[in-house]
Every structure is written in C-alpha cells, then in structure tokens.
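First the structure, in the form of structure tokens, and then the observations on it.
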Amino acid sequence: MRYGFIGLGNLGGHLAASLLREGFDLTVHDLNQEAARNLIERGARWAQSPKDLATAVDAVITCLPSPAASAKVLTADNGVLNGLRAGGVWIEMSTTDQNEVHRIAALADARGIATLEAPVTGGVHRAAAGEITVLVGGDHTVYEKHLPALEAMGGSIFYMGELGNACVLKVITNMLAFIHLVAAGEALMLAKRAGLDLAQVFAAIKASSGTSFVHETESQLILNGSYNIGFTMDLACKDLGFASRYGRELGVPLELGGLTEQIFRRACAQYGGGAWSTQVVKLLEDALHTDLRAPGFPAVLESEEK
Ligand code: NAD
C-alpha cells in the first residue's frame, strides 16, 4: 500500500514520520517544501502538487489547518481528486467541518474514491511517539484495510461508525480541553497569588481530584514559560467555532464552551493567531501583572523525557 501525506506541519510532520518509521511507502507534499526536508532525508519521496502525489499512491492522507485548505487540496485542478485512481482512498486527519467532509466525500465517491476521516487527539508529543489517539469514521471495510497505517501513527484507535461522527467527537474533546486549560490557568493564578510554590502546586493538583490531562501536560508548559504546545490560537478558535455551531444546531446550550470561545478569541486578538493556545492564560497573567513561572520547573514535558 503506497501512502501520500499532505500537510507536514506541527502535527502532520510527526504523523508522516511515524509512517516512515514503520516502513510505509510514503510520498509527501506541503506548500512549504522545507517542512518535508527531514522526511525526504529519511526516505519519503517529494511530489510537486497534490495531484502529482495522488497519481503516485493508493491512499492520500491530509492534515491541514482549515476546511478551506482541505477543499483546495482535494478539489482544485491540481488537487487530489484529479490524481487518485478509482478504488483509491482519501483519509482526512485534519480537525474539520463535518459538512465539508460529507461534501468532498460525495465528490470523491462519484469518482470511485472512498473517504475515511481520522482526526487525532492527545497533542504533538503523543504524535511524535506514535501514540496519539485516533478517532475514525467511514466504511468499516475501508477502515480495516487502513488500520495498519492508523496503528503506525496512533495508540488508541476508536472506530466511531459512519463518516462525520469522528469530526464531531474530535471537536467535543477539544472543547473540553480548552475549558480545562482556562480553568487550569485560573487555578494556578489563585495558587500564585496565595504565595504557594507552583512546582509543588502542580504536583499536588496532578495527584488530586482536580487534575486533568490538560493540567498534566499543558500546565508544565505554562510553568516553564515555553507555552510550546505545538498547537496555535487559530486552530483553537476554529475548533471552538465548530463546537458552538454544533451546539446551536443540536439545541445544546454550551455555556462554558461559549465563554471559553470568547476568551480564546480575545487571546487570539491580543497575541495573534500563530501564538500557542496555552498563551490564553497570559490574559490573566497580563491583567494581574503576575506571571505563572515556577523556578526550576523542567523545560520539557515529563512524557518527552521517557
Ligand atoms: P500547522 O499549521 O502546523 O500545519 C499545517 C500544514 O499544512 C503547514 O505545513 C502548511 O504549509 C500546510 N498547508 C496549508 N495549506 C496547504 C495547502 N493548500 N497545500 C499543501 N499544504 C498546505 O497545523 P497542525 O498543527 O499540523 O494541524 C493540522 C491539523 O491537525 C489541523 O486541522 C489541526 O486542527 C489538527 N490537529 C492539530 C493538533 C496539534 O497538536 N497541532 C492536534 C490535533 C489535531
């Protein structure tokens, strides 16, 4: 099975590297050729356009920043759908809009191309280790055929049923994570203003009923001052926008989700769309002229040290 991978950014670069590590035949493409350099050095082939890539492979994986980028890569004249043969497969690993996945999948289907969605969750450190969680939607037979590739990139893999289901679940888990991030920032600030030792506070919360995956990973990056989670403010706002829309469409009041979206939009305006999403807690740090640094706190995620 020959795979193509388009979108070699903070996340996609690690996913593509996992495929190479596990011995998959890989062709890659990105708007920025420099993003492919490490992969090419390790044996990946470069394709000049999405169409060129698609003509050379059996399945194309995309990991792109927005529904507009996915639409362009798939449906433009030099796009994937004009290159993949009938019987080929498009695997969408971007966090994206359920309606767009259905729309493009229908165009693909008309050409005999199957679609799987496989958005991921867990962060770039898990992607780097090949342990990120993968949520999959689409035809079960197609899923089973591509399971070895998904297992090369991921740890836990959840088959969610029909196409579109994984898109929604992915946004739900991110909404939860962003709520947890804002909450972790408030908790750490309260502790700082109370004069507590933040390194000790981090460890105690981690061992308490108030802990969360976000605290255990992202709080470390806040305390060490790097904020470098490999996930931008733009992407967070995109995901919270999808969550709000699903809330409206499904008649579910998302009071915490809505508030969190507004907090992120303010942070995005203040620090820029390319700022790390963890910098949302800087709103509080700047408002109170109080930072959340913990002297001597490790500069890398505990999980990266393994
Ligand atoms: P990123 O912005 O770091 O990378 C996106 C890559 O896509 C860039 O290299 C860019 O050059 C490329 N690209 C954009 N438009 C293109 C086009 N038209 N043709 C070819 N290449 C193009 O984004 P990321 O952090 O890697 O995230 C990618 C997707 O994965 C997003 O949908 C994001 O929401 C999702 N995601 C990210 C993370 C994370 O931790 N970073 C985690 C889970 C899901």
Side-chain angles (χ1 to χ4, degrees), residues 4-18 27-39 46-54 60-81 83 91-98 100-101 104 117-129 131-136 153-155 166-167 169-178 181 213-214 217-218 221 227-243 264 268 272-278 301 303-304:
F5 204 110
I6 303 176
L8 308 169
N10 291 313
L11 174 68
H14 288 306
L15 298 177
S18 292
T27 305
V28 295
H29 174 75
D30 193 287
L31 277 184
N32 168 19
Q33 188 167 353
E34 183 56 23
R37 192 160 50 87
N38 283 337
L39 298 166
W46 171 255
Q48 217 34 57
S49 73
K51 182 180 173 182
D52 286 353
L53 174 138
V60 175
I61 299 170
T62 46
C63 188
L64 294 160
S66 65
S70 290
K72 188 164 178 229
V73 164
L74 268 293
T75 66
D77 285 346
N78 70 350
V80 169
L81 296 188
I91 304 175
E92 173 62 292
M93 297 192 80
S94 321
T95 303
T96 190
D97 180 359
Q98 187 191 37
E100 267 297 279
V101 168
I104 299 173
E117 53 172 355
V120 297
T121 175
V124 293
H125 62 293
R126 284 205 170 166
E131 286 172 3
I132 200 158
T133 297
V134 189
L135 312 171
V136 190
M153 294 182 278
C167 267
L169 177 56
K170 166 61 199 170
V171 165
I172 291 169
T173 70
N174 271 20
M175 180 186 77
L176 269 174
F178 299 136
L181 178 56
F213 177 79
V214 169
T217 53
E218 303 194 34
L221 305 173
Y227 297 102
N228 188 349
I229 190 65
F231 184 89
T232 62
M233 220 46 108
D234 270 343
L235 294 177
C237 289
K238 171 188 70 169
D239 296 350
L240 286 162
F242 290 146
F264 268 89
C268 188
W276 299 128
S277 58
T278 36
L301 283 181
S303 52
E304 285 175 345

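Values reported hereafter were calculated over all heavy atoms of this structure, with side chains retained and with hydrogens, waters and symmetry mates removed. For ligands, and for the atoms within them, numbers begin at 1 and follow the listed sequence.
Every protein residue with a heavy atom nearer than 4.0 Å to ligand 1 is included here: I6, G7, L8, G9, N10, L11, G12, D30, L31, C63, L64, P65, A69, V73, S94, T95, V120, V124, K170, G230, F231, L235, K238.
Within a 6.0 Å radius of CG in N32, more than 12 heavy atoms belonging to other residues, nucleotides or ligands are found.
With L235 as the partner, the side chain to side chain contact (heavy atoms under 4.5 Å, CB included) test is satisfied by one option alone out of S277, S94, P65: P65.
Relative ring orientation between F213 and H125 is described as parallel, the plane-to-plane angle staying below 30° on a 0-90° scale split at 30° and 60°.
Considering every non-hydrogen atom in both L53 and V28, the closest pair reads CD1-C, 3.6 Å. Among all heavy-atom pairs drawn from F242 and T96, the shortest one is CE1-C, 3.7 Å.
Judged by distance alone, the side chain of K51 and the main-chain N or O of D77 form no donor-acceptor pair under 3.5 Å.
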